[in-house]
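Step one of this worksheet: look at the structure below.
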4 protein chains.
Amino acid sequence: MSSVPSPKGRPRDPRSHEAIVSAAIELLIEVGYAATSIGAVAARAGVGKDTVYRRWRGKPELVFEAVFTTTDQAPIPDTGTLAEDLTALLQGLVDEFHAPAAAAALPGLLADFTADPVLKSRIRSDFLAPSKERLLVVFQRAVARGEIAADTPVDLVLDTLAGAVFFHVGLVGQDPDRELAGRLAAVIAKGIEIR
Amino acid sequence: MSSVPSPKGRPRDPRSHEAIVSAAIELLIEVGYAATSIGAVAARAGVGKDTVYRRWRGKPELVFEAVFTTTDQAPIPDTGTLAEDLTALLQGLVDEFHAPAAAAALPGLLADFTADPVLKSRIRSDFLAPSKERLLVVFQRAVARGEIAADTPVDLVLDTLAGAVFFHVGLVGQDPDRELAGRLAAVIAKGIEIR
Amino acid sequence: MSSVPSPKGRPRDPRSHEAIVSAAIELLIEVGYAATSIGAVAARAGVGKDTVYRRWRGKPELVFEAVFTTTDQAPIPDTGTLAEDLTALLQGLVDEFHAPAAAAALPGLLADFTADPVLKSRIRSDFLAPSKERLLVVFQRAVARGEIAADTPVDLVLDTLAGAVFFHVGLVGQDPDRELAGRLAAVIAKGIEIR
Amino acid sequence: MSSVPSPKGRPRDPRSHEAIVSAAIELLIEVGYAATSIGAVAARAGVGKDTVYRRWRGKPELVFEAVFTTTDQAPIPDTGTLAEDLTALLQGLVDEFHAPAAAAALPGLLADFTADPVLKSRIRSDFLAPSKERLLVVFQRAVARGEIAADTPVDLVLDTLAGAVFFHVGLVGQDPDRELAGRLAAVIAKGIEIR
DNA sequence: TGATAAACGAGACGGTACGTCTAGTCTTACT
DNA sequence: AGTAAGACTAGACGTACCGTCTCGTTTATCA
């Protein structure tokens, strides 16, 4: 019935965890991903380096958790039309990628994940899984409404949406382009609709 | 009306240039972008580090030139329909991003370009300019044929195409998905066509 | 008349003490003094680090007790001549310094004792006191026999004997030189004898 | 007839060498051998750590050179009697071991040399060779004078002298004992003299 | 019998040093 | 002036150990 057997030894201090994550976010914003070293994070958090390495295998894992585990999941949009649902979904992606820490971290983070075989296999699940879940629901409703075919390729659309936002927000632009979500949603919705 | 004022002293050895570029490509493929240090490139090229720094400001510039200056420009596609033109264009992007050295270099390269303000402003021109030129011609023909509106947003579409390919080929997949170009082209073409 | 006031709480387990000392001796022999860390000793003894620190202030104190508290005191030699008494005494020193754990520990141990002011003041008493006591007796008998003067400097002779053995056995040689004790005793005995 | 073939590349800056040695001596005196880390030496010398490791394999080698390469060799004593020659020789040893940096370094240094098989084999040559050479000359003269036998064991005597001084000056005492050299010389001289 | 108190195994904690690596610059002699 | 070689300062890397601390648990004495 129970589960946790018995965590021997002194338990990890949750305040260290929090201090490290906060320090990481601050440094990402102030000096960028490349200059955010584990040592600097530990120093700012008032923590030994071991205390960081005890919780995360390296910088990529730490930064990922620090930046992409807010999970303040807005409700899955349900506006009645595919185009408007996609717009809402995309606006969420834009906001997420455009947050200061995320914008500073994303390119370097994706590069580090790509460079490590173990991490690379986790990109799809770690970065895209939440969005995919939401997109699936939106698609199911659109299928029920007869707007799109039942076999519309979710992954392809998701890569396209995420890739477009990443290029626009993460790499090229500094301004989020207030109409980006709506315009991109319109193109994609029309592109996958039946007829 | 020449220009170069006066190339005093010993001229630069073009064989060094070539040896450096070759060494860089080899290292990218063998050890990846992160482990491809200027020192390692110089050593493999049988060249001093200064000889590298004399020609390139740093690793990103060197790698960019080594990987993305093949310019074996295939002719701009002209198949008669927007969808097929886009397919051809996309296939070019897929092939370019999927080449061994490019695939190894791209994520880290984009991250380094993004991290440096000077380089960041060059991403659009350095990476996307050639494709944009070709896409513009394709669009002009499609406008003439009455397939798309004259004010179809080129940059938006280009970011979408490039982003989709980058996510699919560079980050996630190891197999290029032989139908990617066609399927993506179909969606986008339909999404921007009139009616 | 009483003595122990009141040992409240759980008493210290004598088996821990013994296990720690044994583990320390093993590690000294296997990996040397420098690599014999408190953590490693505790781990091998199956004991928490605090259990070690509760009994000893640090590595030097622990190692000293582990290595130099055998006190299997042979009887004070009484052969009838100073030279032979010294030979026996010296052979004891050689055997003590040449024991595996002692040989491994001595140089580092003396260095750590020297580096700490509190420990430094204890070198004479901790390391040399037993030998000094024995040497004093030997000297008293030699004085009674008229071999040496009553004011022969014990400390000077003791430093000389111990220093010579330490250099020969601890620092330089791996073989104890079976004649070392006899030859050294002969020189010193003759050097301090009257006439 | 020359020899040095041709030292390619930038030559090592002798000012770095000197700055490192000076910093090492200062730190030895100020914080002792154990707390004298390579990093601290480099920082005080205004030098990168690599510049230290390029010249010395580790702390023991660096400290040895910093402390024991003064070689301000006084002339070999030639007073006419063995006892007085030995006194002069011993006074040199006392002064050498009692210099601030040497006194701070010696115990830890000998411990580190002893702990490493390669360094251990160099103790006799590195630390004792100069003294042995001088002692040999003194012995030769004493043999010529008929004071000692021709086969008097130099190494044994040298170990005894050095060991005695090390114990007295390096380990135990802070005051060099102004009469130490003379008293010890008297004992040893008498101990090895013929008759 | 129950409260109190110390010892115990385990391991987290803030620090510090290790020896290696890379960045980008500088200094040789040679071409 | 370009070149190959390699030294230079600076600082990050991930590991190890230090001596202290905080858990849950055990074992004793005292009330």
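All values below come from the heavy atoms of this structure, side chains included, with hydrogens, waters and symmetry mates left out.
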**Fill in**
From CZ of D:Arg15 across to C1' of F:dC8 the rounded distance in Å is 11 Å

**Item:** From CA spacing to verdict: side chain to side chain contact (heavy atoms under 4.5 Å, CB included), C:Glu61, C:Leu119
**Value:** CA-CA 9 Å; C:Glu61 289 91 335; C:Leu119 294 179; 3.6 Å; yes

Protein-nucleic acid N or O pairs under 3.5 Å, nucleotides 23-27 of chain E:
from: E:dA23; atom 1: OP2; to: B:Ile38; atom 2: N; distance (Å): 3.2
from: E:dG24; atom 1: OP2; to: B:Tyr53; atom 2: OH; distance (Å): 3.2
from: E:dG24; atom 1: N7; to: B:Lys49; atom 2: NZ; distance (Å): 3.0
from: E:dG24; atom 1: O6; to: B:Lys49; atom 2: NZ; distance (Å): 2.8
from: E:dC26; atom 1: O2; to: D:Arg10; atom 2: NH1; distance (Å): 3.0
from: E:dC26; atom 1: N4; to: B:Asp50; atom 2: OD1; distance (Å): 2.5
from: E:dC26; atom 1: N4; to: B:Asp50; atom 2: OD2; distance (Å): 2.8
from: E:dT27; atom 1: O4'; to: D:Arg10; atom 2: NE; distance (Å): 3.3

**Message:** Tell me the closest heavy-atom pair linking A:Val52 and A:Val47, and the distance in Å.
**Reply:** CG2-CG1, 4.2 Å

**Request:** Please tell me which of B:Ala35 and C:Arg54 maps to the more 5' nucleotide of DNA chain E, matching each residue to the nucleotide holding its nearest heavy atom.
**Result:** C:Arg54

**Asked** Would you call the rings of A:Trp56 and A:His17 parallel, tilted or perpendicular, where under 30° means parallel and over 60° means perpendicular?
**Response** tilted

**Distance, rounded to the nearest Å, where A:Leu62 contributes CG and F:dC13 contributes P** = 11 Å

**Item:** Protein-nucleotide distance (D:Arg44, atom CZ; F:dT9, atom P), rounded to Å
**Value:** 17 Å

**Request:** Check the distance between F:dG19's P and C:Trp56's CH2 and give it to me in whole angstrom.
**Result:** 15 Å

**Request:** Hey, could you give me the CG/OH distance between C:Asp112 and D:Tyr33, rounded to the nearest 0.5 Å?
**Result:** 11.5 Å

**Prompt:** Does the side chain to side chain contact (heavy atoms under 4.5 Å, CB included) test come out yes or no for C:Phe64 and C:Lys59, once each step is laid out?
**Reply:** CA-CA 8 Å; C:Phe64 175 77; C:Lys59 183 164 79 163; over 6 Å; no

**Request:** For D:Glu18 and F:dC8, give me the distance from atom CD to atom P, rounded to whole Å.
**Result:** 14 Å

**Message:** With a cut-off of less than 4.0 Å, is there a side-chain N or O of C:Arg55 near OP1 or OP2 of E:dC8?
**Reply:** yes

**Message:** Return the CG to CD distance between C:Leu28 and C:Glu26, rounded to the nearest 0.5 Å.
**Reply:** 10.0 Å

**Prompt:** For A:Tyr33 and F:dA12, what is the distance between atoms OH and C1' respectively, to the nearest whole Å?
**Reply:** 14 Å

**Request:** Could you state the atom-to-atom distance from CG of D:Asp112 to C1' of E:dC18 in whole Å?
**Result:** 13 Å

**Prompt:** How long is the line joining CG of A:Asp13 and C1' of E:dA12, in whole Å?
**Reply:** 9 Å

**Item:** Phosphate OP1/OP2 of F:dA7: any D:Ser16 side-chain N/O under 4.0 Å
**Value:** no

**Distance in Å, D:Ile20 CD1 paired with D:Ile25 CD1, rounded so as to fall on 0.5 Å steps** = 12.5 Å

**Request:** Check whether any side-chain N or O of B:Thr51 sits under 4.0 Å from OP1 or OP2 of F:dG2, and answer yes or no.
**Result:** no

